[in-house]
Amino acid sequence: MAEIVGAYFTSHVPAIGGAIHRGDQQTPYWKPFFDGFVRVHEWLAEVKPDVAVVFNNDHGLNFFLDCLPTFAVGAAAEYHNADEGWGLPLYKPFAGHPDLSWHVIETLVADEFDPATCQKMLVDHALSIPFELAWPEVDAWPVKIVPIAINTVQHPLPSAKRALAFGRSVHRALASWPGAERVVVIGTGGLSHQLDGARAGFMNPEYDRFCLDHLANDPDALTHHSIHEIVRLSGTQGVEVLNWIAARGALGPTAREVHRNYHIPISNTAAATLLLDPV
Amino acid sequence: MAEIVGAYFTSHVPAIGGAIHRGDQQTPYWKPFFDGFVRVHEWLAEVKPDVAVVFNNDHGLNFFLDCLPTFAVGAAAEYHNADEGWGLPLYKPFAGHPDLSWHVIETLVADEFDPATCQKMLVDHALSIPFELAWPEVDAWPVKIVPIAINTVQHPLPSAKRALAFGRSVHRALASWPGAERVVVIGTGGLSHQLDGARAGFMNPEYDRFCLDHLANDPDALTHHSIHEIVRLSGTQGVEVLNWIAARGALGPTAREVHRNYHIPISNTAAATLLLDPV
Amino acid sequence: MADPERDPPIPGTTLFDGDAAVKGYALNAMCYSFNDTANRQAFVDDEAAYCAKFALTPAQRQAVADRDVLGMIAAGGNIYYLAKLAGIFGLNVQDVGALQTGRTVAEFKQFLLDQGKELAHG
Amino acid sequence: MADPERDPPIPGTTLFDGDAAVKGYALNAMCYSFNDTANRQAFVDDEAAYCAKFALTPAQRQAVADRDVLGMIAAGGNIYYLAKLAGIFGLNVQDVGALQTGRTVAEFKQFLLDQGKELAHG
Ligand SMILES: [Fe+3]
Ligand SMILES: [Fe+3]
């Protein structure tokens with residue numbers, strides 16, 4: 001039986017990649033953020049995952065408006081990064097776990113979710129940056145991945161309630177997977193930020209604290225806000241908290257907070273890092 | 001308030017297009033099938049739809065396995081046919097109804113369905129042939145469309161129960177649409193047939209009769225079979241009955257059979273045509 | 001992915017599930033490319049090179065070379081995509097049905113017609 | 001698509017809903033094409049021709065010509081795609097934030113930093 005070893009959450013701001021590339025981790029601007037990863041590295045060494053189920057969102061690399069799925073589950077043998085439009089250095093490829101992907105998909109459809117299945121999928125900074133942060137300077141990732149993309153681009157977005165239920169279905173899939181893998185669940189993005197409009201630069205530490213305070217013990221509290229309310233509270237891109245909520249569902253019914261870091265600002269974003277153990 | 005004027009169901013076998021092209025409608029092979037459309041033409045002249053919501057399935061024209069949605073809702077201003085691989089003459093384009101498409105999508109997501117939204121979508125014979133049959137020899141289609149594609153390619157497929165619930169959510173969308181449009185619901189494909197494997201050529205009039213007998217008054221009866229059971233009863237491509245089931249859901253709670261035709265074989269398929277009035 | 005307890009195999013029938021999809025991706029990707037007439041011509045011009053470009057597995061390559069539809073399905077091919085390849089070979093769905101069931105095309109067509117014999121119309 | 005009763009507008013904020021998507025498709029399609037470096041170069045080489053190729057609306061064309069991000073959003077642009085266009089112009093998200101909020105870049109960066117001042121870490 002697979003074991004779910006815990007959940008790791010982090011912001012995925014593109015600028016983090018630049019900071020890593022330049023080696024800026026200990027500069028005054030970046031240190032408060034990167035210092036939050038010392039504990040992440042220790043924890044990963046303790047829990048030793050070999051598969052990661054990653055809830056993230058595409059930023060217009062793999063998906064366009066011609067076909068934008070609400071939930072898309074990767075089922076490829078490998079996943080590549082590609083030019084996101086800025087000609088930056090490409091991130092390392094990822095090994096997939098197609099058998100586990102299909103088991104997750106079978107469970108989701110049996111539970112009356114309607115995913116798109118993606119046997120080919122480019123992954124962007126939303127997946128790569130959390131990995132660069134978690135396993136710095138490795139030549140190849142120590143885990144295989146099952147990437148799951150949630151629509152945060154085209155409204156209507158799935159509700160927080162739906163995202164949590166979706167994650168819980170993924171949990172049922174992991175709990176029923178006969179393999180011996182050690183699975184870490186990852187949620188990326190957020191927290192509060194807004195890139196567009198006259199409210200650009202908006203952040204909301206109060207709402208972010210509410211999310212961080214409730215994610216472990218009462219994730220349903222986060223589902224009482226509609227998407228519209230989450231945008232109001234968290235910014236247009238703050239809706240990436242849907243990835244955190246779904247990942248929390250995938251972790252399982254109960255959880256305990258191991259570590260938290262929160263810092264404003266990284267680029268335009270309120271950056272957060274969180275580790276949860278299953279209980 | 002939009003009015004749902006009824007539902008039209010028909011098989012969509014590619015060979016029908018060839019028969020129309022050659023003018024074979026009154027040959028002994030084709031006459032029993034085409035004769036079923038005299039009543040369809042009368043009915044359409046009576047109910048005068050100006051919008052069609054069409055449940056159909058893509059046959060590898062618009063969607064590939066790199067991203068295959070369970071449910072995909074078109075939201076384009078126009079839809080084009082394209083070469084499906086055989087270099088046949090292209091079918092006429094369709095005008096879309098983006099505002100109604102988005103209203104349907106908003107309702108579906110609010111009802112906890114997870115569609116992919118498609119602002120560009122090629123449509124294949126599964127959509128064109130039912131239109132060629134319904135409105136022969138028109139220069140342009142008299143209705144705008146909202147096309148909805150259901151995955152019948154990549155298992156796991158949505159269950160019949162899920163397809164019916166999905167259709168019922170589309171009904172709620174249509175019932176709450178403030179426009180004055182007269183909407184016809186269309187379901188295409190089936191009935192029993194199997195193109196692949198040593199069981200190729202399989203048809204099952206008994207199961208088809210069960211479907212036709214229950215669709216109007218007890219569509220839930222069709223949802224008691226799993227997808228695996230439907231394949232057993234109806235053939236690997238007989239699962240296209242999912243389009244009929246979803247369309248029946250979109251018609252509304254009650255319905256009355258107006259017209260039925262059933263004929264074996266058209267190409268490898270048990271061909272059926274059905275008209276339902278809302279009650 | 002099927003649970004054989006709950007879902008006993010259906011004779012002569014392959015469900016195109018995740019297992020099949022994983023196995024068949026290269027073949028299906030090649031067949032999907034045949035929506036484009038230029039790609040169909042490229043296949044006709046140099047079948048081996050075109051199959052190599054899509055990295056078909058040996059089993060897939062053999063089945064294509066042999067026009068062996070059951071072999072293509074066993075190698076993960078999905079009929080919706082394979083039908084485009086069959087078109088290049090000049091085969092329609094009755095031809096494909098005959099090939100798969102070991103019948104002549106005339107026999108297969110008669111097999112289809114026979115299934116309608118009992119029906120009263122309407 | 002929003003119900004203003006249930007969901008009162010959020011000041012300075014546009015939800016990219018169906019209305020916006022319908023309005024913005026051409027602009028967003030052009031911006032999505034900028035994932036390809038050759039397309040970015042084609043835009044730089046002949047901006048007007050490239051915009052014409054994607055059939056931008058006059059409002060979209062004007063907003064692009066003016067580097068007017070709020071205008072692009074009003075014309076249906078989605079920030080995820082617009083960010084790729086901003087990259088061609090050499091603008092990062094702080095530059096874009098400054099443009100949209102009528103601040104200098106230094107002021108916008110300070111506005112971001114100020115929001116972290118009250119925080120105790122950990
Ligand atoms: Fe993001
Ligand atoms: Fe079909």
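Numbered from 1 within each chain, the chains take letters A, B, ... in sequence-line order.
Y32(C) has its side chain out of reach of D66(B): every pair of non-hydrogen atoms, C-beta onward, lies at least 4.5 Å apart. The shortest distance between side-chain heavy atoms of P156(B) and D17(C) does not fall below 4.5 Å. A 4.5 Å side-chain heavy-atom check between Q115(C) and F202(B) finds every atom pair outside the cut-off. Counting only heavy atoms from C-beta outward, the side chains of R40(C) and D83(B) approach each other to under 4.5 Å. Between I10(C) and H228(B) there is a side-chain heavy-atom pair separated by less than 4.5 Å. The shortest distance between side-chain heavy atoms of Q100(C) and D196(B) falls below 4.5 Å.
The shortest heavy-atom contact between P11(C) and R199(B) is O-CD, 3.5 Å. Between G97(C) and A200(B) the shortest heavy-atom distance is CA-CB, 4.1 Å. For E84(B) against K84(C), the heavy-atom pair with the smallest separation is O-NZ, 2.8 Å. Looking at every heavy atom in both residues, P205(B) comes nearest to L119(C) through CB-CD2, 4.1 Å.
Counting non-hydrogen atoms of neighbouring residues, nucleotides and ligands closer than 6.0 angstrom, the NE2 atom of H21(B) reaches no more than 12 such neighbours. More than 12 heavy atoms of other shown residues, nucleotides or ligands fall within 6.0 angstrom of atom NZ in K23(C).
If you measure heavy-atom distances from L113(C) to chain B, the contacts under 4.5 Å come from both the backbone and the side chain. Using a 4.5 Å cut-off between heavy atoms, D124(B) makes no contact with chain C at all. When heavy atoms are compared at a cutoff of 4.5 Å, A74(C) does not approach chain B at all. For N28(C), the parts lying under 4.5 angstrom from a heavy atom of chain B are both the backbone and the side chain. When heavy atoms are compared at a cutoff of 4.5 Å, A83(C) approaches chain B by way of both its backbone and its side chain. For V93(C), the parts sitting under 4.5 Å from any heavy atom of chain B are the backbone and the side chain alike. When heavy atoms are compared at a cutoff of 4.5 Å, E229(B) does not approach chain C at all. For T14(C), the part sitting under 4.5 Å from any heavy atom of chain B is the backbone (N, CA, C, O) and nothing else. For chain C, the nearby parts of T152(B) are the backbone and the side chain; heavy atoms of each come within less than 4.5 Å.
Residue L65(B) holds its CG atom at 3.5 Å from OH of Y81(C), rounded to the nearest 0.5 Å. In this structure, CZ on F111(C) lies 7.0 Å from CE on M203(B), to the nearest 0.5 angstrom. Here the CG-OH distance, from L195(B) to Y80(C), works out to 7.5 Å after rounding to the nearest 0.5 Å. Taken to the nearest 0.5 Å, the CG atom of L112(C) stands 5.0 Å off from the CG atom of N268(B).
Counting heavy-atom pairs under 4.5 Å between each of D114(C), T101(C), V96(C) and chain B puts T101(C) at the top. Comparing G60(B), G87(B), A82(B) by how many heavy-atom pairs each has under 4.5 Å with chain C, the most go to G60(B).
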Could you go through the ring pair (Phe, Tyr, Trp, His ring centres under 6.0 Å) check for Y25(C) and F64(B) one step at a time? CA-CA 10 Å; Y25(C) 193 83; F64(B) 183 58; 5.5 Å; yes

Assess whether side chain to side chain contact (heavy atoms under 4.5 Å, CB included) is satisfied between I79(C) and T236(B), documenting all intermediate values. CA-CA 10 Å; I79(C) 193 68; T236(B) 35; 5.8 Å; no

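For R232(B) (side chain) and D7(C) (main-chain N/O), no donor-acceptor pair under 3.5 Å exists by modelled atom type.
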